[in-house]
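Sequence positions, counted from 1, serve as the residue numbers for this chain.
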Amino acid sequence: MALLSKIAARLLPSSLTNRVFALYSFTLLMFVAGGLGLFVRYQVIAQLEETETASVMLIEVVAQAVQDSVVIGDYDTARKILQKGVEGSVFEAATFIDMTGGRIEARDRPSQDAPPPKWLGDWVQARMDDVNRPVTVGGHDYGVLRLHFDTRTVASKIWSLSHVVLLIGVSSLLAGLLLIRIPLARWLGGLDRLRGLVEALGTGKLDAQALVADNEPIEIRRVVDMLSRTTLLLQEREASRRAL
């Protein structure tokens, strides 16, 4: 405990102005980081839920469109329907697997967005499983329709959102620190003036009539008033001593 106290004492700035500014900076950083973290978490969850909701709606539409072609064995038309279904959607591929193991697959064009970090892509992929729906007509199973999520695009959107949020957070933090630094230096700068007044009081050169602190904080005004009364008292004593 004593070691931590020594380390903290060494890390603390020497001046009161810098200590108050450091405390404000740390507090503001904690609030900004916490708020941005909660906001990003909410947006990520909302993005994943929105993607899953869209997948439920899309797979029903695609299944209804493809089942007629599958029943009559028109796999070429089924492939075109799958291609139309995945273009511009949250899926990168759509696959129909018939009862014999035959496959019809259609893929969307790769996204041109900046690739996200591998860890983020793996995290998104672990939370988004493929969507499967059996294709059944008249009680007869014809196969399974499987849609593969475009996890890369989803991760890219989350990564881009994180960049925007981080930029806004850093800008807000810097603006807040700049706004507090200027008035803080002005308000607490009166402490340096007090030191000069105390030195002048010790040498007897302090002019009580010149002690004006109307624009200073109330704590500094109280000290200035005390110095003013002390100066007047010393001057009266000095005048009495000289008279005697």
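V164 shares a hydrophobic cluster with I168; the chain of contacts runs through ILVMFWY side chains whose heavy atoms sit under 4.5 Å apart.
For R79, the side chain to side chain donor-acceptor pair (under 3.5 Å) criterion is met by no residue, not counting sequence neighbours. Scanning for salt bridge (charged side-chain N to carboxylate O under 4.0 Å, His left out) contacts around K80 gives D76, with sequence neighbours left out. A search for side chain to side chain contact (heavy atoms under 4.5 Å, CB included) contacts involving V62 returns L58, L82, L145, not counting sequence neighbours. Under the side chain to side chain donor-acceptor pair (under 3.5 Å) criterion, S162 pairs with no residue at all, not counting sequence neighbours. Partners of D122 under the salt bridge (charged side-chain N to carboxylate O under 4.0 Å, His left out) rule, at least two apart in sequence or in another chain, are K118. Considering only residues two or more places apart in sequence or on other chains, E105 meets the side chain to side chain donor-acceptor pair (under 3.5 Å) condition with R107. For R181, the side chain to side chain donor-acceptor pair (under 3.5 Å) partners at least two apart in sequence or on another chain are N18.
Applying the ring-ring contact (aromatic ring centres under 6.0 Å, His included) test to pairs two or more places apart or on separate chains, none has a residue in residues 41-74. Residue pairs satisfying the ring-ring contact (aromatic ring centres under 6.0 Å, His included) criterion with at least one member in residues 136-168, sequence neighbours excluded, are listed as follows: F91-F149, H140-Y142, W159-H163. Within the structure, no pair that satisfies the side chain to side chain donor-acceptor pair (under 3.5 Å) test touches residues 24-37, not counting sequence neighbours. Contacts classified as salt bridge (Lys or Arg N to Asp or Glu O under 4.0 Å) and involving residues 49-65 (residues at least two apart or in different chains) are given here: E60-R133.
Expressed to the nearest 0.5 Å, how far CG of D150 lies from OG of S55 amounts to 13.0 Å. Note that the CG atom of L179 and the CG atom of L28 stand 10.5 Å from one another [nearest 0.5 Å]. Separating the CD1 atom in I81 from the OG atom in S69 is a distance of 4.0 Å, to the nearest 0.5 Å. In this structure, OG on S172 lies 7.5 Å from CG on L36, to the nearest 0.5 angstrom. Summarising the geometry, atom OG1 belonging to T77 is positioned 6.5 Å from atom CD1 belonging to I72; distances are rounded to the nearest 0.5 Å. Distance check: Q125 CD to D130 CG gives 8.5 Å after rounding to the nearest 0.5 Å.
Side chain of D141 to backbone of G143: no donor-acceptor contact under 3.5 angstrom is found.
When all heavy atoms of I180 and L177 are compared, the pair lying nearest together is CG2-O, 3.2 Å. Of all non-hydrogen atoms in A155 and V124, the two that sit nearest each other are CB-CG2, 4.0 Å. Nearest heavy atom pair, residue L120 against residue P116, reads CD2-CB, 4.3 Å.
Looking at L173 and L29, their side chains come closer than 4.5 Å, going by heavy atoms from C-beta outward. Side-chain atoms of V56 and V131, non-hydrogen and from C-beta on, never get closer than 4.5 Å to each other.
Residues V66 and V137 are members of one and the same hydrophobic cluster, defined by side-chain heavy-atom contacts under 4.5 angstrom among Ile, Leu, Val, Met, Phe, Trp and Tyr. Both M128 and W119 belong to a common hydrophobic cluster when Ile, Leu, Val, Met, Phe, Trp and Tyr are linked at side-chain heavy-atom distances under 4.5 angstrom. At a threshold of 4.5 Å between side-chain heavy atoms, the hydrophobic network of Ile, Leu, Val, Met, Phe, Trp and Tyr places I158 and F39 in one connected group. One hydrophobic cluster, built from ILVMFWY side chains closer than 4.5 Å, holds both L166 and L174.
Considering V165, I45, L161 as possible partners of V40, the one that fulfils the side chain to side chain contact (heavy atoms under 4.5 Å, CB included) test is V165.
Counted within 6.0 Å of CE on M57, heavy atoms from surrounding residues, nucleotides or ligands total 12 or fewer; the atom is thus considered open.
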TODO: Step by step, work out the side-chain contact (heavy atoms from CB on, under 4.5 Å) result for E92 and V86.
DONE: CA-CA 6 Å; E92 66 175 356; V86 297; over 6 Å; no
